[in-house]
Amino acid sequence: MKLIKKHLDSIERNGKLVQYTEESLTFRMTPSGHKSWQFRYKSPITHKIRLLKIADYHILTITQARSICRDLLAQVAEGRDPHISKGGNIPTLNECFERWLVVSKFSRTTERTYRNIWSNHSGYVKSALYTKVDRRMIIDYARANIESHDLKRFFYTIIAGVTKWCESEYLDLDSSQFQGLLKLERKPDTKEMKYITADRLPEFISGVSKCGLDDNRKIATLLLLVWGVRIQSLLNMKWKDIDLAGGVATIFETKVNTVVRIHMTELIKGWFESMQNGRQQPDHYIFHARRNLDKPRDRQFITSVYDAINETETTPHRLRYTFSSILNTASFDPLMIETCLSHKVMSDISRIYNKADYLEQRKPLYQFMSDLVQCGGHVERVEAVSEVNNQSGAGAGGWRQRGIEV
């Protein structure tokens with residue numbers, strides 16, 4: 001195709017890579033709209049098609065770019081690779097990694113994760129010229145220097161992305177050989193994570209109550225047990241989501257994009273009343289950062305309780321297992337239990353038509369778990385505690401005080 005300036009000037013960015021070649025001169029426009037002159041040739045050393053950037057499009061005229069291409073073709077005819085003749089300007093894998101990050105436009109969190117893993121675990125690989133990198137080199141390095149299966153997954157993902165970028169940029173690398181490397185690694189046997197069973201519940205509740213941490217952490221941990229909600233959904237609650245007069249709390253389950261209304265027992269109301277100090281605004285987070293009421297706590301806020309009671313074989317998320325197991329054992333309606341857990345229990349069509357949240361039907365479940373916590377986790381005492389609560393109309397007991405004790 002003969003390159004014509006008027007035509008090249010009229011090409012606008014369309015989000016796609018555009019290339020036009022006239023013999024060995026290539027006009028190239030990236031998806032971001034950057035135009036440049038490239039020299040397209042077959043390397044006399046590697047015998048692969050390569051692209052060498054000559055200059056940005058606006059710097060040279062077509063006539064000047066053609067003249068430079070003729071000089072470069074003379075080098076190729078003499079058996080010299082212009083990339084190397086240019087002063088060994090073959091980028092290293094690390095340089096390609098930096099350019100790949102810029103082009104990919106990852107989120108700040110993803111970019112930070114990739115940078116940390118690359119800087120800490122790429123070793124001598126990052127200093128290698130990208131043309132010298134092959135499949136066996138990457139696999140041997142990863143197996144010798146990276147033990148964690150998860151770290152290998154990130155490392156191989158980075159390698160696959162960088163080499164694919166190199167292939168599109170320089171056309172002399174087969175990136176397909178770097179795809180699917182994780183499948184060659186033996187996945188380690190994962191130890192099944194335990195959860196707090198009914199027989200261990202008294203010890204767990206007692207440990208949480210007596211640990212030396214502040215009461216807000218204890219309350220948050222026990223709310224996970226009583227309500228069966230996800231950790232971040234609980235920590236994202238604001239004071240406007242709490243209706244103490246109506247006895248209803250509203251939680252947005254971010255994972256399933258669902259709003260869940262929860263019945264608050266007298267015990268739970270007492271906990272929230274003990275947390276109020278008169279300075280809260282509706283938009284303030286209940287479990288807020290230490291010096292910022294407009295920022296929620298992170299997961300460490302609750303996992304620190306597990307560290308304090310030396311509960312290393314389970315996680316706070318597993319309290320949802322405890323919630324489900326205890327209520328199913330107590331013969332509650334499985335549909336109501338799954339609704340409390342914000343699980344999908346109906347077909348997509350049924351969920352479109354059925355907008356009921358079954359709050360009234362779910363109240364006995366929350367009351368049972370609340371009574372269970374109040375009696376120290378002893379399931380056999382729940383009925384007695386429930387009867388006393390019904391007669392007195394209270395149920396908060398010593399838990400309504402700021403100091404939590406069973």
Side-chain angles (χ1 to χ4, degrees), residues 107 109 150 190 192-197 201 204-205 208 213 216-243 248-265 267-268 271-272 275 283-289 294-309 311-328 332-346 348 351 356-359 361-363 365-370 372-373 377:
S107 67
T109 302
D150 290 334
T190 55
E192 184 177 357
M193 190 70 71
K194 297 181 179 179
Y195 68 96
I196 307 297
T197 55
L201 198 55
F204 174 77
I205 294 178
V208 172
L213 300 177
N216 285 7
R217 296 174 190 263
K218 302 176 186 179
I219 290 175
T221 303
L222 294 174
L223 279 175
L224 293 178
L225 174 62
V226 176
W227 286 351
V229 295
R230 295 176 175 86
I231 300 174
Q232 202 56 53
S233 301
L234 175 69
L235 297 178
N236 286 340
M237 286 185 66
K238 298 182 177 181
W239 283 106
K240 65 181 179 182
D241 300 324
I242 300 295
D243 180 10
V248 176
T250 304
I251 284 186
F252 180 69
E253 286 282 14
T254 53
K255 185 173 182 180
V256 292
N257 196 29
T258 302
V259 175
V260 181
R261 292 199 305 156
I262 298 176
H263 169 64
M264 291 196 298
T265 64
L267 171 65
I268 307 301
W271 291 354
F272 284 112
M275 296 171 63
D283 286 332
H284 288 167
Y285 287 96
I286 298 175
F287 303 104
H288 56 78
D294 297 319
K295 181 180 179 181
R297 288 279 194 170
D298 57 18
R299 290 170 176 264
Q300 182 61 29
F301 180 69
I302 296 179
T303 57
S304 60
V305 176
Y306 275 62
D307 295 337
I309 63 177
E311 194 65 57
T312 59
E313 295 186 350
T314 184
T315 63
H317 180 77
R318 293 272 164 161
L319 288 177
R320 287 166 59 83
Y321 291 52
T322 305
F323 179 89
S324 177
S325 300
I326 289 178
L327 290 176
N328 275 289
F332 283 97
D333 186 352
L335 175 61
M336 295 301 103
I337 297 173
E338 297 303 307
T339 304
C340 290
L341 293 170
S342 301
H343 288 165
K344 294 181 179 180
V345 294
M346 298 179 290
D348 292 340
R351 287 194 298 273
D357 65 355
Y358 302 106
L359 179 59
Q361 294 90 331
R362 289 186 286 118
K363 281 184 178 180
L365 283 70
Y366 294 125
Q367 187 65 57
F368 181 91
M369 295 302 296
S370 176
L372 181 61
V373 170

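Note that the structure is predicted; figures quoted are calculated from it, not measured.
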Any idea which heavy atoms bring Met264 and Ile242 closest together, and the distance?
CE-CG2, 3.9 Å
Partner set under salt bridge (Lys or Arg N to Asp or Glu O under 4.0 Å) for Lys240, not counting sequence neighbours
Asp283
Side chain to side chain donor-acceptor pair (under 3.5 Å) assessment of Ser370 paired with Gln367:
CA-CA 5 Å; Ser370 176; Gln367 187 65 57; 4.6 Å; no
Using a cut-off of 6.0 Å, state whether more than 12 heavy atoms not belonging to Phe252 lie near its atom CZ.
yes
Parallel, tilted or perpendicular: rings of Phe332 and Phe368 (30°, 60°)
perpendicular
Val373 vs Ile205 side-chain heavy atoms within contact, under 4.5 Å:
yes
Using modelled atom types and a 3.5 Å cut-off, is there a donor and acceptor pairing between side-chain atoms of Thr339 and backbone atoms of Leu335?
yes
Which heavy atom in Pro316 sits nearest to a heavy atom in Tyr306, and how many Å separate them?
CA-OH, 3.5 Å
What's the shortest heavy-atom distance between Met237 and Thr250, and which atoms?
CE-O, 4.1 Å
Is there a donor-acceptor pair under 3.5 Å between the side chain of Ser325 and the backbone N or O of Thr322?
no
Less than 4.5 Å apart, side chain to side chain, heavy atoms only: is that true for His343 and Arg320?
yes
Criterion side-chain contact (heavy atoms from CB on, under 4.5 Å) on Lys238 and Ile286, from CA distance to verdict:
CA-CA 5 Å; Lys238 298 182 177 181; Ile286 298 175; 5.6 Å; no
Heavy-atom side-chain proximity of Trp239 to His288 below 4.5 angstrom
no
To the nearest 0.5 angstrom, please state how far the CD1 atom of Ile251 sits from the OG atom of Ser342.
8.5 Å
Assess the residue pair Lys218 and Trp271 against the criterion (side-chain contact (heavy atoms from CB on, under 4.5 Å)); give the C-alpha distance rounded to whole Å, side-chain angles, the decisive distance to 0.1 Å, and a yes or no.
CA-CA 10 Å; Lys218 302 176 186 179; Trp271 291 354; over 6 Å; no
Enter the distance from Arg299:CZ to His317:NE2 here, rounded to the nearest 0.5 Å.
8.0 Å
Closest approach of Leu201 to Leu372 (non-hydrogen atoms, all atoms of both residues):
CD2-CD2, 3.4 Å
Tell me, do Thr315 and Thr303 make a side-chain contact under 4.5 Å, heavy atoms counted?
no
Hey, does the Lys NZ or Arg CZ of Arg362 hover above the aromatic six-ring of Tyr358, less than 6.0 Å from the centre and inside 45° of the axis?
no
Taking the side chain as C-beta and beyond, is there a heavy-atom pair between Leu319 and Ile196 under 4.5 Å?
yes
Going by atom type alone, with no hydrogens or angles, which donor-acceptor pairs under 3.5 Å involve a side-chain atom of residues 220-232 and a protein atom two or more places apart or on another chain?
unit_1: Thr221; atom_1: OG1; unit_2: Arg217; atom_2: O; d: 2.8
unit_1: Arg230; atom_1: NH1; unit_2: Glu253; atom_2: OE1; d: 3.3
unit_1: Gln232; atom_1: NE2; unit_2: Asn236; atom_2: OD1; d: 3.3

Partner residues of Arg261 under the salt bridge (Lys or Arg N to Asp or Glu O under 4.0 Å) criterion, sequence neighbours left out:
Asp357
Apply side-chain contact (heavy atoms from CB on, under 4.5 Å) to residues Gln361 and Asp333 and explain how you reach the verdict.
CA-CA 9 Å; Gln361 294 90 331; Asp333 186 352; over 6 Å; no
When rounded to the nearest 0.5 angstrom, what distance separates CZ in Phe204 from CD1 in Ile309?
5.0 Å
Assign the ring pair Tyr366 / His263 to parallel, tilted or perpendicular, where the plane angle (0 to 90°) is split at 30° and 60°.
tilted
Between Thr258 and Val256, which heavy-atom pair has the shortest distance, and what is it?
OG1-O, 3.0 Å
Closest approach of Asn216 and Phe287, non-hydrogen atoms and distance?
O-CE2, 3.6 Å
Walk me through it: do Gln300 and Asp307 pass the test side-chain contact (heavy atoms from CB on, under 4.5 Å)?
CA-CA 10 Å; Gln300 182 61 29; Asp307 295 337; 3.9 Å; yes
